[in-house]
Asks: 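Below you'll find the structure I mean.
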Amino acid sequence: MGNVIAGAEEVTAEWLTAILREKGALARGRVTRVTPDETESTFASSVSRLEVGYTEDASPGAPRRLFLKASSPALAPGEFDPAQTGREYIFYRHVAPMMRAAFTIPCYDAGHEPESGATHILLKDVSETHAACRDPLCGGNCEAAIDALASLHAFWWDHPRLGKDVGKFPTLEERREGWAYATESTVAFMAACGDRLAPAWRATYESVLPALPALSGRHTSGRNLTLVHGDAHLGNFLFPREARGAPTYLIDWQFWHPTIGGTDLAFMMATSWDPAIRRRLEPGLMQRYYRGLLAGGVQGYAWDDCWDDYRLSVILVSVFIPVWRWALFHWEPDTRALEVSMTAFEDLRCAELLAVS
């Protein structure tokens with residue numbers, strides 16, 4: 001078997017026995033069978049649930065169900081950076097073991113093939129105890145998601161390894177290339193939208209683009225920075241079905257990177273939620289997040305700074321999501337996503353940050 005598993009059919013009893021023994025999950029006995037329960041395709045990946053059988057003398061705590069995610073850039077729509085799938089491998093191999101990882105699902109194995117970008121991630125299957133729910137009004141789930149993000153961010157807040165051997169910060173040249181690409185893509189996006197792009201939204205893009213270098217100054221400040229998930233919509237959280245106090249898990253880690261914490265908050269609330277729901281939930285969730293940072297040991301970070309980092313991320317993340325979806329994945333311009341993010345920009349008076357940039 002190679003370094004990367006391409007699908008559930010490649011998971012043999014012998015291989016899995018060795019993996020579980022290495023991880024300390026199978027002190028005695030061996031795997032006798034691995035049966036794929038269900039397989040489905042997701043973005044750039046195929047995911048499978050596996051049922052595992054053991055010899056009678058096997059360790060009683062050995063996992064009976066596993067979750068296999070096999071990813072390849074070749075499966076993604078449009079243009080997809082092969083390095084992104086490798087980032088999830090790096091996260092589970094090197095980053096997650098460093099944390100108080102209550103918000104990450106236990107990982108038994110991860111493999112990566114740099115040439116093709118193919119990866120596999122073998123996790124504990126938590127589907128019997130946890131489930132996703134994209135509805136922000138699903139009782140208590142938003143609070144649980146915010147708590148998970150606050151715990152993640154507090155752990156990595158100004159961590160001495162952040163941006164060194166845990167992720168990297170872009171160089172000035174890389175930032176310049178990013179600003180140029182954002183400008184080129186947004187101008188083409190506005191042309192593709194035509195009359196579907198409201199004049200006020202066009203004006204917002206035209207005011208944001210020249211401000212990008214100054215707005216990025218916050219990210220290069222060297223303080224109050226953390227590690228973010230990078231794709232923190234509610235569909236990437238798994239919430240406990242019943243048990244109170246059970247962890248809420250974050251999944252799909254291919255976009256993690258070091259930056260300001262507001263990135264995850266804007267992606268969660270200002271990128272896809274109906275504006276009326278966001279307006280209702282946003283103040284309390286932001287306050288809860290801030291309290292979570294303080295409880296996690298963050299110091300010297302004022303509430304006003306937290307709020308402005310959220311507003312800044314609405315500018316740099318939320319309003320550009322429709323652009324990236326069109327430019328990278330060749331999707332049709334999403335006018336609903338535009339309305340959601342531009343409404344957040346207006347509600348939060350984000351233009352104030354442009355005036356001082």
Side-chain angles (χ1 to χ4, degrees), residues 136 142-143 145-146 149-150 152-154 157-158 170 175 178-179 182 186 198 200-234 255 257-294 298 300-324 337-357:
C142 286
E143 290 80 2
I146 284 290
L149 290 177
L152 169 69
H153 295 172
W157 203 266
D158 288 345
R175 291 186 187 278
W179 302 330
T186 303
W201 302 345
R202 184 180 298 273
T204 295
Y205 281 127
E206 291 173 347
S207 62
V208 167
L209 290 174
L212 288 177
L215 292 171
S216 297
R218 167 67 185 91
H219 297 70
T220 60
S221 65
R223 59 183 178 81
N224 294 327
L225 302 174
T226 188
L227 184 149
V228 302
H229 179 274
D231 193 19
H233 60 79
L234 286 179
F255 295 105
H257 61 287
T259 185
I260 60 174
T263 297
D264 279 340
L265 304 173
F267 203 102
M268 185 173 119
M269 294 186 285
T271 301
S272 59
W273 288 6
D274 180 85
I277 294 175
R278 175 184 52 77
R279 293 180 189 122
R280 171 182 164 187
L281 300 180
E282 185 178 61
L285 292 176
M286 284 298 301
Q287 288 283 351
R288 185 184 185 99
Y289 169 77
Y290 183 66
R291 292 194 301 270
L293 291 183
L294 299 184
V298 171
Y301 187 57
W303 160 249
D304 288 345
D305 295 330
C306 181
W307 182 249
D308 281 348
D309 278 351
Y310 174 56
R311 296 199 299 159
L312 177 59
S313 298
V314 171
I315 300 173
L316 296 178
V317 176
S318 300
V319 301
F320 282 103
I321 291 298
V323 176
W324 305 139
L338 272 167
E339 179 184 3
V340 166
S341 59
M342 289 296 183
T343 301
F345 180 95
E346 295 163 4
D347 287 348
L348 298 167
R349 299 179 181 177
C350 293
E352 294 175 351
L353 300 182
L354 302 180
V356 298
S357 64

Asks: Using a 4.5 Å cut-off on heavy atoms from C-beta on, say whether the side chain of Ile146 contacts that of Met268.
Replies: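 Side chain of Met268 against side chain of Ile146, heavy atoms only: contact under 4.5 Å found.
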Asks: Measuring only between side-chain heavy atoms, which start at C-beta, is Leu265 closer than 4.5 Å to Met286?
Replies: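 A side-chain contact under 4.5 Å exists here.
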Asks: State which residues pass side-chain hydrogen bond (donor to acceptor under 3.5 Å, both in side chains) with Arg288; sequence neighbours excluded, sorted by chain then number.
Replies: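 Asp147.
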Asks: Compare all side-chain heavy atoms of Thr259 with those of Ser313 and state whether any distance is below 4.5 angstrom.
Replies: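 A side-chain contact under 4.5 Å is absent here.
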Asks: Show the nearest heavy-atom pair for residues Ala232 and Leu149, with the distance to one decimal.
Replies: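 That closest heavy-atom pairing would be CB-CD2, 4.3 Å.
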Asks: Shortest non-hydrogen contact from Ala344 to Cys350?
Replies: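 The answer is O-SG, 4.4 Å.
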Asks: Are any of the side-chain heavy atoms of Tyr310 and Ile260 separated by less than 4.5 Å?
Replies: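 SC-SC contact between Tyr310 and Ile260 ruled out.
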Asks: How long is the gap from OG1 on Thr204 to CD1 on Ile315, to the nearest 0.5 Å?
Replies: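 Result: 9.5 Å between the selected atoms.
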Asks: Report yes if some heavy atom in the side chain of Trp201 is under 4.5 Å from a heavy atom in the side chain of Val319; otherwise report no.
Replies: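 Side chain of Trp201 against side chain of Val319, heavy atoms only: no contact under 4.5 Å found.
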Asks: Can you tell me how far the CZ atom of Arg218 sits from the CG atom of Leu312, to the nearest 0.5 Å?
Replies: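 Separation between the atoms: 8.0 Å.
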Asks: Atom CG in Leu338, atom CD1 in Ile321: separation rounded to 0.5 Å?
Replies: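 Rounded to the nearest 0.5 Å, the CG-CD1 separation comes to 11.5 Å.
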Asks: Identify the two heavy atoms, one from Ile277 and one from Pro136, that lie closest to each other, and give their separation to 0.1 Å.
Replies: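 Looking at all heavy atoms of both residues, the shortest contact is CG2-CG, 3.7 Å.
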Asks: Who pairs with Glu346 by salt bridge (Lys or Arg N to Asp or Glu O under 4.0 Å), at least two apart in sequence or on another chain?
Replies: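 None.
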Asks: Looking only at side-chain N and O atoms, does Thr271 offer a donor or acceptor that is under 3.5 Å from a partner on Ser318?
Replies: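 Present: a donor and an acceptor within the cut-off.
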Asks: Can you pull the ring-ring contact (aromatic ring centres under 6.0 Å, His included) pairs that have at least one residue in residues 257-281, sequence neighbours excluded?
Replies: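 Listed once each, the pairs would be none.
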Asks: If a pair satisfies salt bridge (charged side-chain N to carboxylate O under 4.0 Å, His left out) and one of its residues is in residues 272-281, list it, with sequence neighbours excluded.
Replies: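 Counting only pairs at least two positions apart or across chains, the salt bridge (charged side-chain N to carboxylate O under 4.0 Å, His left out) contacts touching residues 272-281 are Asp274-Arg336, Arg278-Glu282, Arg278-Asp347, Arg279-Asp347.
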Asks: Can you name the side-chain hydrogen bond (donor to acceptor under 3.5 Å, both in side chains) partners of His229, sequence neighbours left out?
Replies: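 Expected list: none.
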Asks: Given the rule in the side chain to side chain contact (heavy atoms under 4.5 Å, CB included) test, do Val340 and Phe345 qualify, once you have shown the distances and angles that lead to the verdict?
Replies: CA-CA 9 Å; Val340 166; Phe345 180 95; over 6 Å; no
Asks: Say you draw a straight line from OG1 of Thr226 to CH2 of Trp157; how long is it, rounded to the nearest 0.5 Å?
Replies: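 Here the rounded value is 6.0 Å.
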Asks: Taking Arg349's backbone N and O only, do any of them form a donor-acceptor pair with Arg311's side chain (distance below 3.5 Å, no angle check)?
Replies: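 Checked: pair present.
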Asks: If you define the side chain from C-beta out and look only at heavy atoms, does anything of Leu316 sit under 4.5 Å from Thr263?
Replies: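 The answer is no; the side chains never approach within 4.5 Å.
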Asks: Would you name the heavy atoms of Leu281 and Cys142 that are closest together and state the gap between them?
Replies: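 So the minimum-distance heavy-atom pair works out to CD1-SG, 4.2 Å.
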Asks: Answer yes or no: is there a side-chain heavy-atom contact under 4.5 Å between Leu225 and Pro258?
Replies: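 Heavy-atom side-chain distance check fails, nothing below 4.5 Å.
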Asks: List the residues meeting side-chain hydrogen bond (donor to acceptor under 3.5 Å, both in side chains) with Tyr301, not counting sequence neighbours, and say none if there are none.
Replies: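 Checked Tyr301 against side-chain hydrogen bond (donor to acceptor under 3.5 Å, both in side chains); matches are Asp309.
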Asks: What are the two closest heavy atoms between Ala211 and Leu354, and how far apart are they?
Replies: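 So the minimum-distance heavy-atom pair works out to CB-CD2, 4.0 Å.
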Asks: So do Tyr290 and Leu285 actually touch side chain to side chain, heavy atoms under 4.5 Å?
Replies: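 SC-SC contact between Leu285 and Tyr290 ruled out.
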Asks: Would you name the heavy atoms of Thr343 and Pro275 that are closest together and state the gap between them?
Replies: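 Smallest heavy-atom distance, with atoms named: CG2-CB, 3.8 Å.
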